[in-house]
Protein chains: 2
Amino acid sequence: MKQLRKTHQREIILEELCANPTHPTADELYERVRRRLPRVSLATVYRNLEILSDLGIIQKIETAGRQKRYDGNPERHHHIRCLHCGRVDDVDMAEDSEFEIKMPERSRHGFRVMDVKVDFSGICPDCEKEARASRSNAH
Amino acid sequence: MKQLRKTHQREIILEELCANPTHPTADELYERVRRRLPRVSLATVYRNLEILSDLGIIQKIETAGRQKRYDGNPERHHHIRCLHCGRVDDVDMAEDSEFEIKMPERSRHGFRVMDVKVDFSGICPDCEKEARASRSNAH
DNA sequence: TTATCTAAGAGTAATAATTTTTATTAAAAA
DNA sequence: TTTTTAATAAAAATTATTACTCTTAGATAA
């Protein structure tokens, strides 16, 4: 078992990820980290995000056909993505009362069900406002 | 508005996709189509799968970080993916009684919620059997 | 039927996000 | 301090998918 080393790069990457409640992509985070470590490599950011999410310290948000995003909060919670600008926000657990998922133990074809992933999509307030503005201009 | 042409390639692609209840990737389907149309191009398969799913004739199964798969059944239903081999199967609608999702109208941050995607993952019967066999060999 | 228009085809090159490789550096153990 | 090897920087590779270019062939009109 190979042991984990505490490197300066890794510390800064984690710090920057946790500093904001946004869910940056690897390259967005890279830009932020670069302000503090100008010689850091994008591959280092990717590698560390991979390691940290494997360890359950952070969370990887994978959405089909889009860049991966990363969440400094490792706790299980759902996300909503803006269909227009791609922005990702948390869906509060308090709202979970409004939806409920009971997993079957086996799917009909005999799969042992181990996890279920719920992803919301919609339009964020900013994009909605923008759309409304351009609509009223057109008329 | 550009009109759709009925081409031989498109017909075969759709036929082959619907022939099996599997959910092939573009290249798997390409191999199948190639047996009937040896000169077909992979790009043609991709283009037609795109067109057909845009029209709602088929369904694109997009899972983060993995190849897209395609489903000849356009009706809304859930899927389960094997974490080991990547195979995708349908989760029957009959089972939907076991889980229920009520969408909130707005997320806490003011997103207008428009859709929710539910993806199951687990271990398929084949991989489970295989795992069991290799475990018993080890002891 | 024949001419015309253009969607769609084949084949290939390009793209983009991510991962791997290689040589070097630096944590941490000895 | 020396040694070990995980982690880094930088570059190259990978891989699925898309775009491009030129050609072919459905569909419509003459």
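As a basis for the values below, the full set of heavy atoms in this structure was taken, side chains included, without hydrogen atoms, waters or symmetry mates.
Nucleotides of DNA chain D nearest to Leu42(B) and Val45(A) differ in position, and the one nearer the 5' end is that of Val45(A). Nearest-nucleotide mapping onto DNA chain D: of Ile13(A) and Glu50(B), the residue sitting toward the 5' end is Ile13(A).
Between the NZ atom of Lys117(A) and the NE2 atom of His79(A) there is a distance of 8.5 Å, given to the nearest 0.5 Å. The NE2 atom of His8(B) lies 8.5 Å from the CD atom of Glu15(B); values are rounded to the nearest 0.5 Å.
Residue contacts for Asn48(B): at a heavy-atom cut-off of 4.0 Å it reaches the sugar-phosphate backbone alone, with no base atom in range.
The shortest distance between the side-chain N/O atoms of Tyr46(B) and the OP1/OP2 oxygens of dT18(D) is not below 4.0 Å. Note on Gln67(A): a side-chain N or O is less than 4.0 Å away from OP1 or OP2 of dT18(C).
Computed from coordinates, the Glu62(B) CD to dT18(D) C1' distance equals 14 Å when rounded to whole Å. As rounded to whole Å, 15 Å separates atom C1' of dA7(D) from atom CD1 of Ile12(A). Spacing between atom CG of Asp54(B) and atom C1' of dT18(D) amounts to 14 Å, rounded to whole angstrom units. Atom CG of Leu52(B) is separated from atom P of dA8(C) by 10 Å (rounded to the nearest Å). Atom NZ in Lys68(B) sits roughly 17 Å away from atom P in dT15(D) (whole-Å rounding). In this structure, the OH atom of Tyr30(B) is 15 Å from the P atom of dT17(D), given to the nearest Å. With rounding to whole Å, Glu28(A) atom CD is found 11 Å from dA17(C) atom P. Taking atom CZ of residue Arg36(B) and atom P of nucleotide dG9(C), one finds them 15 Å apart after rounding to whole Å.
Comparing dG11(C), dA8(C), dT8(D) by their nearest atom to the side chain of Arg10(A) picks out dT8(D). The side chain of Thr44(B) approaches dG9(C) more closely than any other nucleotide in the set dG11(C), dG9(C), dT17(D).
Judged purely by atom type and a 3.5 angstrom limit, Glu16(B) has no side-chain atom pairing as donor or acceptor with the backbone of Ile13(B). Put simply, the side chain of Thr7(B) gets close to the backbone of Arg10(B): a donor and an acceptor are under 3.5 Å apart. Remark: the backbone N or O of Arg66(B) is not paired with any side-chain donor or acceptor of Thr63(B) at under 3.5 angstrom.
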Discussion item. Between Asp90(A) and His23(A), does the side chain to side chain donor-acceptor pair (under 3.5 Å) criterion hold? Intermediate values first, please.
Written reply: CA-CA 9 Å; Asp90(A) 291 330; His23(A) 304 89; 3.0 Å; yes

Item to complete: Just do the side chain to side chain donor-acceptor pair (under 3.5 Å) check on Asn20(A) and Thr22(A) with the steps written out, would you?
Response: CA-CA 5 Å; Asn20(A) 306 51; Thr22(A) 69; 5.0 Å; no

Could you pull out the protein-nucleic contacts involving nucleotides 28-30 of chain D (nitrogen or oxygen on both sides, under 3.5 Å)?
none

So which protein nitrogen or oxygen atoms get under 3.5 Å of nucleotides 19-26 of chain D's nitrogens or oxygens?
| unit_1 | atom_1 | unit_2 | atom_2 | d |
| --- | --- | --- | --- | --- |
| dG26(D) | N2 | Arg5(B) | NH2 | 2.6 |

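The minimum heavy-atom distance between Leu83(A) and Ser121(A), with the atom names listed, is CD2-CB, 3.7 Å. Minimum interatomic distance between Cys82(B) and Phe111(A) (heavy atoms only, all atoms of both residues): N-CE2, 3.6 Å.
A 4.5 Å side-chain heavy-atom check between Leu4(B) and Leu55(B) finds at least one atom pair inside the cut-off.
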